Each structure stands twice: as structure tokens, then as C-alpha cells.
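The structure appears below as C-alpha cells.
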Amino acid sequence: MQRPVSSLSLNPGVKVKLVSAGFQFTTDLLHVKPQQLSKEAALNQQEALEVLQAVRRADEGAASSSSTALELLQKEEEELRSIVTFSSQLDAALGGGAPVGRVTEVCGVPGVGKTQLCLQLAVDAQVPRCFGGVGGQVVYIDTEGSFLIQRVADLAAAAVNHCSLLVEDQEQRVAMETFTVESILSNMFVVRCHDYIELLAELHLMPGFLSDHPRVRLLVIDSVASPFRPLFDELLQRTRLLSGFAQQLLSMATSHDIAVVITNQMTTRVQGAQSQLVPALGDSWGHAATIRLLLQWEGPQRLAIIVKSPCHRVSTVRYTITSEGFRDAEQWSEPLSQSETGKQGV
Amino acid sequence: MDRLDLELNPRIAAGVRRARLRSPRDVLCVSALELQTITGLSPSDVQQLLATAAAACRPHRPVPAVLLHRGECPRLEPGLRLGVGCVVINELLRGGLPVGRITELSGQSGAGKTQLALQLCLCVQYPTDYGGLDSGAVYICTENSFPIRRLQQLVTDQYVMRSDVPPSLISTLKFSDHVYVEHTADLDSLQVCLSRRVPLLLARGLARLVVLDSLAALFRCEFQAAEWQERTRQMLNVSSTLHRLSQEFSTTVLCINQDWVCSSLLSPLSSSVSPALGLTWANQVCVRLMMLRSHTTISRGNQHSALRRLEVVFGPHLARGGVDVAVWREGVRGVLSSDRIQAQHQSSQIC
């Protein structure tokens with residue numbers, strides 16, 4: 001198939017010159033020398049070089065990017081493990097946890113456990129491979145100020161303790177020597193973004209950071225809603241920025257093999273006389289994430305619902321937040337006062 | 001664009017001037033493709049421009065969390081808590097209110113919210129060794145006038161309240177000189193107060209606690225039901241100002257809120273009340289505390305107090321749960337279970 005020159009990502013002026021000089025398709029440019037091109041299309045040296053580089057990139061991309069479904073399946077099974085949540089029911093529903101290479105969005109009202117799930121994943125992403133983890137590093141972008149190191153240290157200590165109880169063979173014993181609270185915290189990179197500009201800037205520079213730190217397996221943004229919601233008056237601008245933002249997240253997730261987990265707030269939508277709770281940032285943002293997880297209260301219990309996913313059934317699981325972190329809810333339903341005070345160990 | 005001009009290739013800088021992009025922020029708001037069109041630059045130049053603009057807009061690089069843990073990054077984690085002056089409550093709050101974040105305290109009228117807020121105005125003045133922040137407090141009243149008599153009473157009873165602090169230290173602190181009181185009756189004056197006067201006090205280090213008592217009153221009376229959009233905008237305005245102040249000056253912000261009957265979807269509380277101002281506001285606070293007043297009375301010596309419960313509704317580092325508290329003459333204190341048995345015993349004797 002031939003690709004028209006006009007579809008290349010080039011300066012519009014340069015494209016016009018190319019087409020008027022008779023270069024219609026990229027194949028026409030494949031065997032042209034830069035000097036020849038600059039003479040024929042009346043471009044300067046620099047422009048001609050860039051045109052040829054763009055053509056070569058497009059050519060290579062077309063040749064290498066396709067792979068068969070079988071290869072993808074093998075890659076997913078062997079290399080791309082999911083990041084466990086430490087709640088076996090939620091892991092089962094998600095097929096192993098937050099998947100690497102995809103964007104997962106977590107929505108919920110304040111206090112339901114969005115941040116707790118993010119912090120838990122940030123710790124779990126570092127569980128060594130021999131314990132079924134991915135043994136990676138983590139980038140945590142905090143936009144709400146909810147990253148409290150005290151809590152992270154709690155979760156890290158609980159995870160280390162959990163793994164130390166599972167040690168069976170020599171390999172795991174060796175792995176435990178480097179899996180400590182100190183190492184978990186030093187492999188977690190934290191950024192605080194105060195507004196949407198800082199968040200956009202951070203995301204622009206993220207591919208460079210990921211190339212410098214190839215072991216990063218998880219990017220958390222908690223939350224996307226709070227920097228973008230003040231853009232209340234400029235809805236068009238917000239939608240445009242958000243769609244670009246979603247694209248960047250997706251391309252980072254796939255090209256660097258990382259799991260991207262973002263959180264979103266809830267808002268009230270009034271329709272006629274009725275009102276309901278819906279995730280914030282509008283309908284078009286709903287397409288941004290591959291998997292959307294909704295956390296909500298049902299009486300005293302917390303529920304996680306997979307609302308949208310191409311590869312999971314819509315399902316609902318119960319979970320709880322204990323002093324150790326994000327865990328399965330007990331099978332029997334305890335009254336609120338007992339279970340909630342029991343977890344504090346008071 | 002002055003700052004960028006120095007770092008950019010003259011060719012790119014010329015393109016930027018052509019497109020009338022004034023700041024790095026403007027550059028980041030435009031997509032790469034559109035930048036190419038308006039600046040007339042090549043894709044690689046545009047990428048370079050975007051990278052330079054992004055670097056200019058990003059104040060700090062990602063830091064490993066272990067530095068926060070060791071307390072080597074006070075910008076992200078001041079490592080301080082503002083203690084409440086009572087061991088029981090401090091244990092519930094894991095040391096006290098977080099610095100650099102917004103804490104909300106809600107409850108029905110008479111629950112003891114203002115009492116706790118006044119107490120914090122004194123606690124903040126102690127040195128950090130005693131749970132304070134070694135600075136003063138700003139108290140913004142929107143509804144009632146500032147309860148100055150009660151503050152005086154608390155000041156004179158500090159010797160009783162803070163038996164953990166040497167009396168010689170308490171006598172050196174001039175408590176009422178370091179509580180700055182502001183009265184704002186409407187949203188406009190609140191904005192003026194938060195954007196001009198409060199930053200001045202915080203910048204000089206005269207205060208590290210801002211109490212807002214209460215926010216709900218302003219929003220409840222100024223807007224009709226149909227004006228919800230304007231209301232939301234104003235609320236986000238106020239909350240972003242508070243966020244900025246608390247971050248920039250590593251200050252504790254305490255907002256007092258009232259209770260409102262609300263749907264059970266929003267919170268797990270069995271009672272049907274939940275804090276006013278709805279979801280938009282709830283999304284802005286970091287820690288939410290709630291005070292409930294019960295009908296039981298407990299007594300100690302010749303003092304009587306209604307039994308209250310201080311609950312943690314949510315907080316990233318806090319477990320849900322609560323403690324019983326009572327308001328005494330010297331301040332708000334947690335009620336230990338041994339006290340309570342005694343109290344019940346006493347009340348049965350009285351009956």
C-alpha cells in the first residue's frame with residue numbers, strides 16, 4: 001500500500017513543496033538523496049534531511065509493527081504479568097491484577113479507597129518475580145497531596161512481612177534480602193503536581209525518565225480529575241487537552257510496557273428530577289482508560305465493580321482496607337463497628 | 001517567553017515569536033501538530049520546543065520516596081504533625097493534623113467543633129517537641145463572632161490541660177498575641193482575606209495554622225439552587241487557594257463544616273447525616289473528621305459534659321474509627337474507658 005506524502009508528520013509548507021515537485025507517495029522519496037531532494041523541491045538542506053528521516057521512520061514502522069495474535073498472546077503470558085492488588089478476589093476478577101501495558105482507571109467517592117489501592121499497587125509492583133510479582137520500579141504522580149509517606153511505609157512493611165512468610169526455596173530467600181521497606185521506598189519515585197500545566201509537563205518528560213529507568217513497571221496518577229476540574233469555563237480546551245493526555249498515557253503504557261493506573265473523582269449528574277453519581281471529566285474521558293474500576297460503598301461494605309473492560313466480565317467483588325492495606329473482605333459479614341475497630345488493633 | 005529564548009535555538013525562538021506564544025504554559029496547551037502549523041517549525045524542532053517548555057514548567061524532578069521517609073525532602077513531606085494536646089486524640093490521628101494539607105472537621109451544632117479549633121490555635125504555639133509548630137494561628141470567622149472569652153479561659157487553663165509541658169515553658173508563651181482573628185461575612189471578602197492578608201502572615205512565619213469556621217455558611221446563603229455552576233466554580237476557587245497556601249507555607253488548614261442530611265451512597269456512616277457542601281468539596285479535603293454529640297452526660301469533679309465522639313471518616317494514612325471525647329473547662333480531651341465506667345457509676349449514684 002502506498003502512503004501519501006501529505007499524511008506524514010511534516011511542516012505544511014514543506015508538504016506543499018513536495019507535492020508540487022511531484023513527490024506524491026512515500027515510495028517516491030525512498031531512494032532520493034538529500035541534496036537531490038533539496039534541489040528538486042526547492043527545500044533547504046535541513047528540511048530535506050528531515051523529510052527523508054520522516055520517510056524512513058514511516059517505512060520502518062510499517063515493516064516492523066505488525067505481529068500476529070499468537071505472538072502477542074505469548075508475550076502477554078510470558079513477559080507481561082499483571083500487578084497484584086493483594087485482594088485475591090479482585091485479582092481473580094481482573095485476571096491477575098492491574099495489567100501491564102494497559103491504562104486502568106479507578107473511580108470512587110472520597111474516602112472509599114482509591115488512594116489506598118494506588119499505594120498498594122505501588123508497593124506490590126516491587127514484589128520480586130519469584131513471588132509472582134513483577135519486581136519493578138514505580139513512578140507516583142500525586143496531584144492531591146494524598147501521598148502520605150507514613151501510610152506507604154505501613155503498606156511496605158506489611159508486604160515485606162507477607163512475603164517473608166511465603167519463603168520456601170533458596171531463590172526466594174535471596175530475594176527477600178533485597179526486598180525491604182527501605183528498598184521499596186527507594187524504588188518509588190514521587191512527583192507532586194499542583195495544576196494541569198505541571199501535570200502536562202511531567203507527562204511530556206516522562207518518556208525520557210522511563211528510558212533512563214527501564215525497570216519502571218507502574219505509573220500512578222492520583223488523581224487526573226483534580227488538576228483538570230478547575231478548567232470549568234473552558235470545556236473545549238479541557239476536552240482537547242484530556243484527549244491528548246489519554247493518548248500519551250496509552251502510548252507510554254504500550255511502548256514502555258508499564259501499567260498505568262489513574263484515579264478519577266465522582267460527580268453528580270442531574271437528569272430531570274433524578275441525580276446520579278458518575279465519574280468526573282465528562283463522557284469523552286470515559287474512553288481514555290482500557291479498564292474502568294468503580295469503587296463504592298454499599299452500607300458499611302466496600303465494593304469494587306469492573307465497569308468497563310475488553311477482556312473481563314462485568315463483576316463485583318467486596319474488599320476492605322485494613323491497617324496492612326487493600327485486602328479481601330471477610331467472607332462472613334461482620335457488623336461495622338467490630339470489623340472497623342478490629343483493624344486498628346485497638 | 002524571555003526565559004525560553006535563552007535556551008532555544010534562534011530558529012525555534014523565531015517560530016515561537018511568530019506564533020505569539022508568550023510563556024511555556026501557552027506552549028504546553030497546544031498540541032504538537034498545531035504547534036507545527038502555527039510556528040512553521042519542523043517536527044523535531046517542535047519536539048525540542050515542547051521538551052524545553054515542559055522542563056521550564058516542571059519545578060522538581062521525581063524523588064525517591066525513601067528521601068521523604070528519612071525526612072530529607074521537607075517540600076513533599078514536612079514530617080510534622082500538629083498535635084491536639086491530648087494523647088487519646090493524637091493516637092487516633094497518628095500524631096495530629098497533617099501539615100501542608102486540608103483537614104475538615106464536620107459535625108452538628110454543639111458537637112464541639114469550635115472548641116477543638118480553638119484548642120488547636122493554642123497547640124500550634126508550642127515547640128515541635130510538644131506537638132506544636134512553634135508559630136501562631138489565623139482564625140477566620142464567617143458566621144459567629146470569635147469566642148474570645150472561651151479562648152481566654154483555655155489560655156488560663158493551659159497549665160491543667162498540658163501537664164506534659166513544663167509550666168515554666170507555658171508561662172513564657174503569650175498565647176493570645178499569636179491568634180490572628182479575621183471576620184469575613186461574604187465570599188468576596190473571604191477571597192480578599194485568603195489572597196492578601198493570610199499570605200502576608202504566613203510568609204512572615206507568624207502563623208502555621210489557618211482555621212476557617214465555617215465555609216458552609218457562605219455557600220449556603222449566597223446561592224440559589226439553580227446557581228450550582230457558579231457555586232461549584234467559587235468553591236473550587238476557594239479550595240485551590242487553600243491548597244496553595246497550605247503547600248507553599250507548609251501550613252495546616254482546618255475547615256469547619258456543618259452537617260447535612262444526605263444520601264447513603266456517599267459515606268458508610270450509619271446515621272443519615274453527612275457533611276454539607278457535597279461531593280465537590282469532599283473531593284478537595286485530605287482528611288475528614290466528624291464530631292457527634294450523644295445524649296449521655298459524663299461528669300468529673302464538679303464539671304459535666306455531654307459525651308462526644310470524634311470519628312475519622314477518611315484520611316489516606318488513618319484507619320476509620322473514633323474515640324469518645326468530652327469538653328472540659330481546660331479543653332477537649334479523650335475519654336478513656338476507665339473514666340467512662342467511673343462516670344456511669346457516678347451518674348447511677350446520682351440517679
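Each chain gets a letter, A, B and so on, in the order its sequence line appears, and its residues count up from 1. Here the structure is a predicted model, which means the values were calculated and not measured. What's counted below: heavy atoms across the whole structure, side chains too, no hydrogens, waters or symmetry copies.
Taking all atoms of both residues into account, the shortest heavy-atom contact from B:P62 to A:F189 is CB-CB, 3.8 Å. The heavy-atom pair separating A:L241 from B:L28 by the smallest distance is CD2-O, 4.3 Å.
At a 4.5 Å heavy-atom cutoff, the contact between B:R101 and chain A is made by side-chain atoms alone. With a 4.5 angstrom heavy-atom cutoff, A:E50 touches chain B only via side-chain atoms. Proximity to chain A is limited to the backbone of B:H60, based on heavy atoms less than 4.5 angstrom apart. Of the two parts of B:R244, neither the backbone nor the side chain holds a non-hydrogen atom closer than 4.5 Å to a non-hydrogen atom of chain A. With a threshold of 4.5 angstrom between heavy atoms, B:E248 does not approach chain A through any atom at all. Neither the backbone nor the side chain of B:S240 has a heavy atom closer than 4.5 Å to any heavy atom of chain A. Of the two parts of B:E77, only the side chain, counted from C-beta on, holds a non-hydrogen atom closer than 4.5 Å to a non-hydrogen atom of chain A. When heavy atoms are compared at a cutoff of 4.5 Å, A:S186 approaches chain B by way of both its backbone and its side chain. With a 4.5 Å cut-off on non-hydrogen atoms, A:D195 touches chain B through its side chain but not through its backbone.
By the 6.0 Å contact criterion, CD on B:E72 is enclosed, its count of non-hydrogen atoms from other residues, nucleotides or ligands being greater than 12. Heavy-atom contacts from other residues, nucleotides or ligands closer than 6.0 Å to NE2 of B:H243 number more than 12. Other residues, nucleotides and ligands place more than 12 heavy atoms under 6.0 Å from the CZ atom of B:R18.
By number of non-hydrogen pairs under 4.5 angstrom with chain B, the leading residue of A:E298, A:Q53, A:R240 is A:R240. For chain B, the option among A:Q137, A:E202, A:K114, A:E182 with the highest count of heavy-atom pairs below 4.5 Å is A:E202. The greatest number of non-hydrogen atom pairs below 4.5 Å with chain A, out of B:L41, B:I102, B:V30, B:L67, is found for B:L41. No other option in B:S246, B:G40, B:C286, B:A55 has as many heavy-atom pairs under 4.5 Å with chain A as B:G40. Heavy-atom pairs under 4.5 Å with chain B peak, among A:S183, A:A280, A:G244, A:A201, at A:A201.
Side-chain contact between A:T268 and B:L279: present, with at least one pair of heavy atoms (C-beta onward) separated by less than 4.5 Å. Considering only heavy atoms from C-beta on, B:N283 comes within 4.5 Å of A:R229 through its side chain. For the pair A:H194 and B:Q247, the minimum side-chain heavy-atom distance is below 4.5 Å. Counting heavy atoms from C-beta outward, A:Q237 and B:C29 have side chains that approach closer than 4.5 Å. Inter-residue side-chain proximity for A:V190 and B:C73 is flagged as unmet; no heavy-atom pair is nearer than 4.5 Å. Side-chain contact check for B:P59 versus A:E198: some heavy-atom pair is nearer than 4.5 Å.
The structure places SG of A:C193 at 9.0 Å from CZ of B:R58, a figure rounded to the nearest 0.5 Å. Between the OG1 atom of A:T115 and the CZ atom of B:F314 there is a distance of 9.5 Å, given to the nearest 0.5 Å. In this structure, the separation between CG on B:L76 and CZ on A:R192 is 8.0 Å, given to the nearest 0.5 Å.
A:N44 pairs by the side-chain contact (heavy atoms from CB on, under 4.5 Å) definition with A:Q46, A:E47, not counting sequence neighbours.
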Show the atom names and distances, to 0.1 Å, of all donor-acceptor pairs under 3.5 Å that link a side chain in residues 145-153 of chain A to residues at least two apart or in another chain.
residue: A:S146; atom: OG; partner: A:D222; partner atom: OD2; Å: 3.1
residue: A:Q150; atom: OE1; partner: B:R81; partner atom: NH2; Å: 2.7
residue: A:R151; atom: NE; partner: A:Q116; partner atom: OE1; Å: 2.8
residue: A:R151; atom: NH1; partner: A:S323; partner atom: O; Å: 3.1
residue: A:R151; atom: NH2; partner: A:Q116; partner atom: OE1; Å: 3.2
residue: A:R151; atom: NH2; partner: A:T322; partner atom: O; Å: 2.9

